Amino acid sequence: MQLLLLSNSAAPGRDYLDHAREEIASVLDGARRLVFVPYALADHDGYTAKVATALEPLGVEVTGAHTADDPAELVRGAQAVFVGGGNSFRLLKALHERDLIRAIRERVAAGAVYMGSSAGTNMACPTLRTSNDMPIVQPPTFEALGLLPFQINPHYLDAEPDTAHMGESRALRLEQFLEENDVPVVGLREGTWLRRDADRLTLGGIDAGAILFRRGEDPAELRPGADLSALLREEPRFDSAAHSS
């Protein structure tokens with residue numbers, strides 16, 4: 001299984017996907033036909049054109065899933081699938097409605113590359129539950145692709161001690177998730193990504209790295225290059241409350 005899961009698709013002062021261009025070129029090596037899944041945003045044509053422009057220098061032909069009468073059938077013939085960012089609830093709803101959950105799972109298991117950014121990275125997890133997004137629509141279920149046995153929180157933000165914000169920090173929200181679910185969560189800071197090559201999982205990107213949350217443990221800082229392959233052997237336990245009623 002080949003996965004590249006980006007926290008973000010755009011970095012300040014750089015073109016779309018440019019911050020991860022070398023990693024994208026590496027994971028797409030040999031893949032020339034990519035199906036882009038644009039349903040996290042409303043403008044499917046514009047979004048697909050943006051991705052096509054970004055990947056053109058790599059010699060990759062991009063086709064939007066929305067252009068096919070049967071998007072699932074289009075995915076079944078893809079060498080690579082890229083699920084873009086936007087609203088995770090809208091994206092997951094569209095994936096279920098178009099039978100793309102099953103189609104993507106089967107195609108990736110058969111050897112196609114899966115790329116995700118932001119909401120597309122959320123989709124690689126077992127469930128939507130660690131998304132940052134507003135539920136602007138209601139999917140039939142929170143079940144996602146399950147290409148990994150743990151959760152990811154893209155765009156992870158550290159709490160700022162001098163901020164006037166009095167709401168919950170990202171860390172606190174993830175700790176609340178762990179109160180109800182015994183499932184590790186990797187908080188991917190901006191400019192970082194996870195790459196899976198078969199049974200090997202590594203953290204890449206800028207020095208900011210990531211942070212690993214586990215129930216009953218202090219959060220652990222992760223540096224780029226970290227071998228996280230042990231997470232692929234996790235057995236997630238959802239709806240397993242740590243507290244007694």
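Throughout, residue positions are numbered sequentially from 1 according to the sequence presented. A quick note: this is a predicted structure, and the numbers were derived from the prediction, not measured.
- Residues satisfying the side-chain hydrogen bond (donor to acceptor under 3.5 Å, both in side chains) test with E23, not counting sequence neighbours, are R195.
- With sequence neighbours excluded, no residue satisfies side-chain hydrogen bond (donor to acceptor under 3.5 Å, both in side chains) with R33.
- Side-chain atoms of T141 and H96 form no donor-acceptor pair, as typed in the model, at a separation below 3.5 Å.
- Taking 4.0 Å as the cut-off between side-chain N and carboxylate O, D239 and R129 count as a salt-bridged pair.
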Task: Worked verdict on D207 versus R223 for salt bridge (Lys or Arg N to Asp or Glu O under 4.0 Å) - done: CA-CA 7 Å; D207 290 341; R223 299 272 69 87; over 6 Å; no
Acceptor/donor pairs from residues 142-152 side chains to any protein atom, 3.5 angstrom cut, sequence neighbours excluded:
from : atom 1 : to   : atom 2 : distance (Å)
E143 : OE2    : R105 : NH2    : 2.8
Q151 : OE1    : T127 : N      : 3.2
Q151 : NE2    : T127 : O      : 2.9
Q151 : NE2    : T130 : OG1    : 2.9

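- When side chains are defined from C-beta on, M115 counts as touching I24, because their heavy atoms get closer than 4.5 Å.
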Task: salt bridge (Lys or Arg N to Asp or Glu O under 4.0 Å) evaluation trace for R200 with D197 - done: CA-CA 5 Å; R200 181 174 174 79; D197 294 288; over 6 Å; no
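- Between V185 and I211 there is no side-chain heavy-atom pair separated by less than 4.5 Å.
- Looking only at side-chain heavy atoms (C-beta outward), F36 and Y47 come within less than 4.5 Å of each other.
- The two residues G85 and L41 make their nearest non-hydrogen contact at O-CG, 3.8 Å.
- Cation-pi geometry between R98 and Y39 is met: under 6.0 angstrom from the ring centre, within 45 degrees of the axis.
- Two residues are said to be in side-chain contact when any heavy atoms from C-beta on lie closer than 4.5 Å; M123 and L95 meet this criterion.
- Under the 4.0 Å criterion applied to side-chain N and carboxylate O atoms, D158 and R189 are assigned as salt-bridge partners.
- Salt bridge absent: K50 and D45 never bring a charged side-chain N and a carboxylate O closer than 4.0 Å.
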